[in-house]
Participant: 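Structure provided below as structure tokens; questions to follow.
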Amino acid sequence: MAVKMESHKLSASGKEKASDALPLPLYLTNGVFFTLFFSVVYFLLLRWREKIRNSIPLHVVSLSEISAIVVFLASFIYLLGFFGISFVQSLILPRSPHDEISDEDDEILIDDLMLKEDSRAAPCAAAAPPPKIISDPLPEEDEEIVKSVVDGKIPSYALESKLGDCRRAASIRREALQRITGKSLAGLPLEGFNYEAILGQCCEMPVGYVQIPVGIAGPLLLDGVEYSVPMATTEGCLVASTNRGCKAIMASGGATSTVHRDGMTRAPVVRFGSAKRAAELKLFLEEPLNFETLSLVFNSSSRFGRLQKIKCAIAGKNLYIRFTCSTGDAMGMNMVSKGVQNVLDFLVNQFPDMDVLGISGNYCSDKKPAAVNWIEGRGKSVVCEAIIKEEVVSKVLKTDVASLVELNMLKNLTGSAMAGALGGFNAHASNIVSAVYIATGQDPAQNVESSHCITMMEAINGGKDLHVSVSMPSIEVGTVGGGTQLASQSACLNLLGVKGASKEVPGSNSRLLATIVAGSVLAGELSLMSAIAAGQLVKSHMKYNRSSKDVTKLTSST
């Protein structure tokens, strides 16, 4: 390595080269050895053929043959050293794309080669220095803060409170992160985002934001009103497929929906010294005469939170108490948690031996697939249906009613049962739920239970038309709080006409959003099932979901 670097320096500065020691120029010397090598090989092959013909032993050699063998070995060693070693080195240490290296570039080249050589993991090797991160120069004051963050003198999470400028804090945190990790964040946008809007409620320690394209499916004709549905996704075909389903629904007169249950849940877990005492509290909570008192305690913490019911499950000395309450236009997790805390404080006075182990005991159940949500519901329970005419099935969906009914039975119902599905009796409800959730500022993790869905298809009117429905027992959405107030997400809610809280009927905006989610799922189910029945699924994904464009080059050129 050092010898090769030195030869580069000598060549660049015009000093003596190693090849200058040869009696002839390098290209003539190579020519001589090439000629000798092939000449003696040809000579030896001729002599050996004559010996074989005349039955002369090969080990009996003449002086000329000895000389030829010596010349052969010498030329072979020369050619191996000249070409073979260079070839091996080219595999280990690729040459610079430039033939000559200036003195100013020597240090950079050596650093790059050393980084490549020493980047291997070895317990006794010294850590390789991080690559240099190219970024815009910072003001002197910010540079000092970055160094303090890198040195651990200033906690990264405290930058907003220390500086009072969220945009500046994000920039400094980003630069410090690059220096600490040695990794560039050049592709992650920083500008064009309101960091003040997320402080203390949406995201901590931001260093930028991720861009997700938003497409529009629709119009979706639902309950007599047309909606353009925003969907944030990076999956090709998803918006186009949902849009086709919306077209089929529109051409058939639209879909109808019903919200038949609306209540957010929270289930703490408490423990007693005996199972008998746990059972006594269970009976106390389920006694109708006590519900009014518990409701007053629960409702005291919110204008919109109203206790609806209490359901208990006992496991030995442990009791799981599932509270359900209305939450207005908010998704309501914080609202119900505050009410639950009020009730627990009240119960401690009635049952002093009660030990509260956790405000959530997973009997709620939040962000996890659970039968209790599938059966009891959580958030908004919605059913949405439509009758798709025979000609629409044929012309728009490119299939027939009988094929859709049979496929739905074997795939969504029987196939899901064979797989032991929990709330997954559908084709791809989570696809649409996730896309609408991200676009409208919902909690994406609640896609887990919100995607519980059973899709039903039935031939009606003598087998001519198709009745299709989706039943979704736990759609968890809100139009106020959390990410709904961010500019992009707020714009998508405004597009749907459900932005903010309803002043006329509290909770109506969030319920309407839940029906739009269910209607969009209905459109998505209808289109995907038709594509599968018609054998179009693979073809469409190969066409729209396998781009050969180099996105990084497109991004860097703009």
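Excluded from the calculations below are hydrogen atoms, water molecules and symmetry mates; all remaining heavy atoms, backbone and side chain alike, are included. Note that this is a predicted model, so its numbers are computed, not measured.
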Participant: Would you say Thr399's side chain and Ala533's backbone share a donor-acceptor pair under 3.5 angstrom?
Facilitator: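 The answer is no, because no donor-acceptor pair under 3.5 Å joins these two groups.
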Participant: Given 3.5 Å as the limit, does a donor-acceptor pair link the side chain of Arg173 with the main chain of Pro206, or not?
Facilitator: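 Present.
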Participant: Indicate the atoms forming the closest heavy-atom contact of Leu526 with Ser530, along with that distance.
Facilitator: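 What the structure gives for the nearest pair is O-OG, 2.7 Å.
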Participant: Output yes when a side-chain donor or acceptor of Glu449 lies under 3.5 Å from a complementary backbone atom of Ile475, and no otherwise.
Facilitator: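 No, Glu449 side chain to Ile475 backbone: no donor-acceptor pair under 3.5 Å.
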Participant: Once ring-ring contact (aromatic ring centres under 6.0 Å, His included) is applied, what residue pairs with a partner in residues 183-212 remain, sequence neighbours excluded?
Facilitator: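 Those involving residues 183-212 are Phe193-Tyr195, Phe193-Tyr209.
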Participant: Quick one: do the Ser416 and Asn412 side chains pair a donor with an acceptor below 3.5 Å?
Facilitator: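 Asn412 and Ser416 do not have a side-chain donor-acceptor pair below 3.5 Å.
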Participant: What are the two closest non-hydrogen atoms of Leu404 and Met457, and how far apart are they?
Facilitator: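 Closest approach of Leu404 to Met457: O-SD, 3.8 Å.
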Participant: To the nearest 0.5 Å, what is the distance between CD1 on Ile198 and SG on Cys203?
Facilitator: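 Rounded to the nearest 0.5 Å, the CD1-SG separation comes to 5.0 Å.
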Participant: NZ of Lys395: more than 12 outside heavy atoms within 6.0 angstrom?
Facilitator: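 Not more than 12 within 6.0 Å, no.
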Participant: Does Glu140 have more than 12 heavy atoms from other residues, nucleotides or ligands lying within 6.0 Å of its CD?
Facilitator: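 Counting neighbours around CD of Glu140, 12 or fewer heavy atoms of other residues, nucleotides or ligands fall under 6.0 Å, so no.
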Participant: Which distance, rounded to the nearest 0.5 Å, do you find between the CG of Leu220 and the SG of Cys246?
Facilitator: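 Answer for the CG-SG pair, Leu220 versus Cys246, is 4.5 Å.
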Participant: In Å, rounded to the nearest 0.5 Å, how long is the span from OG of Ser488 to CG of Leu493?
Facilitator: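 Going from the OG atom of Ser488 to the CG atom of Leu493 covers 11.0 Å.
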Participant: Between Lys147 and Glu141 (salt bridge meaning N to carboxylate O under 4.0 Å), is one present in this structure?
Facilitator: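 Salt bridge absent between Lys147 and Glu141.
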Participant: If you round to the nearest 0.5 Å, how far is NE2 of His428 from CE of Met529?
Facilitator: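 Output value for this atom pair is 10.0 Å.
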Participant: Are a donor atom and an acceptor atom from the side chains of Thr455 and Glu525 found within less than 3.5 Å of each other?
Facilitator: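 Glu525 and Thr455 do have a side-chain donor-acceptor pair below 3.5 Å.
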Participant: Around Phe76, counting heavy atoms of other residues, nucleotides and ligands shown, do more than 12 lie under 6.0 Å from its CZ?
Facilitator: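 Atom CZ in Phe76 is not crowded, with 12 or fewer foreign heavy atoms closer than 6.0 Å.
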Participant: Report yes if some heavy atom in the side chain of Cys453 is under 4.5 Å from a heavy atom in the side chain of Val521; otherwise report no.
Facilitator: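 Cys453 vs Val521: side chains touch.
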Participant: Are the side chains of His452 and Asn426 in touch, meaning some heavy atoms are under 4.5 Å apart?
Facilitator: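 They are not in side-chain contact.
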Participant: Can you check side-chain hydrogen bond (donor to acceptor under 3.5 Å, both in side chains) on Ser430 and Asn447, steps first, answer last?
Facilitator: CA-CA 7 Å; Ser430 63; Asn447 160 72; 4.8 Å; no
Participant: Just checking Gln201: does its CD atom have more than 12 heavy atoms from other residues, nucleotides or ligands closer to it than 6.0 angstrom?
Facilitator: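 Yes, because the 6.0 Å sphere around CD of Gln201 holds more than 12 heavy atoms from other groups.
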Participant: Strictly distance-based, threshold 3.5 Å: is any side-chain N or O of Ser394 a donor or acceptor partner for the main-chain N or O of Glu390?
Facilitator: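 No, the answer is negative, given that no donor and acceptor are paired below the 3.5 Å cut-off.
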Participant: Name all residues meeting the side-chain contact (heavy atoms from CB on, under 4.5 Å) criterion together with Leu46; count only those two or more places apart in sequence or in a different chain, and write none if there are none.
Facilitator: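 Residues passing side-chain contact (heavy atoms from CB on, under 4.5 Å) with Leu46: Tyr42, Arg49.
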Participant: Could you state the interatomic distance from CD (Glu160) to CE (Met205), rounded to the nearest 0.5 Å?
Facilitator: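 Glu160 CD to Met205 CE: 9.0 Å, rounded to 0.5 Å.
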Participant: If you measure only the distance, is there a donor-acceptor pair under 3.5 Å linking the side chains of Arg244 and Ser527?
Facilitator: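 Yes - a donor-acceptor pair under 3.5 Å links their side chains.
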Participant: So, the side chain of Arg174 versus the backbone of Leu188: is there a donor-acceptor pair under 3.5 Å, distance only?
Facilitator: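 Present.
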Participant: Looking at CG of Leu238 and CG of Asn243, how far apart are the two atoms once the value is rounded to the nearest 0.5 Å?
Facilitator: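 Rounded to the nearest 0.5 Å, the CG-CG separation comes to 11.0 Å.
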Participant: Taking atom types as modelled, find out whether Ser403 and Asp400 have a side-chain donor-acceptor pair closer than 3.5 angstrom.
Facilitator: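 Asp400 and Ser403 do have a side-chain donor-acceptor pair below 3.5 Å.
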Participant: Using the side-chain hydrogen bond (donor to acceptor under 3.5 Å, both in side chains) criterion, which residues pair with Gln446? Sequence neighbours excluded.
Facilitator: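 By the side-chain hydrogen bond (donor to acceptor under 3.5 Å, both in side chains) rule, Gln446 matches Asp366, Glu476.
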Participant: Report the C-alpha separation of Gln442 and Gln489 in whole Å, then their side-chain angles, then the decisive distance to 0.1 Å, and conclude whether the side-chain hydrogen bond (donor to acceptor under 3.5 Å, both in side chains) test is met.
Facilitator: CA-CA 9 Å; Gln442 311 304 311; Gln489 291 81 346; over 6 Å; no
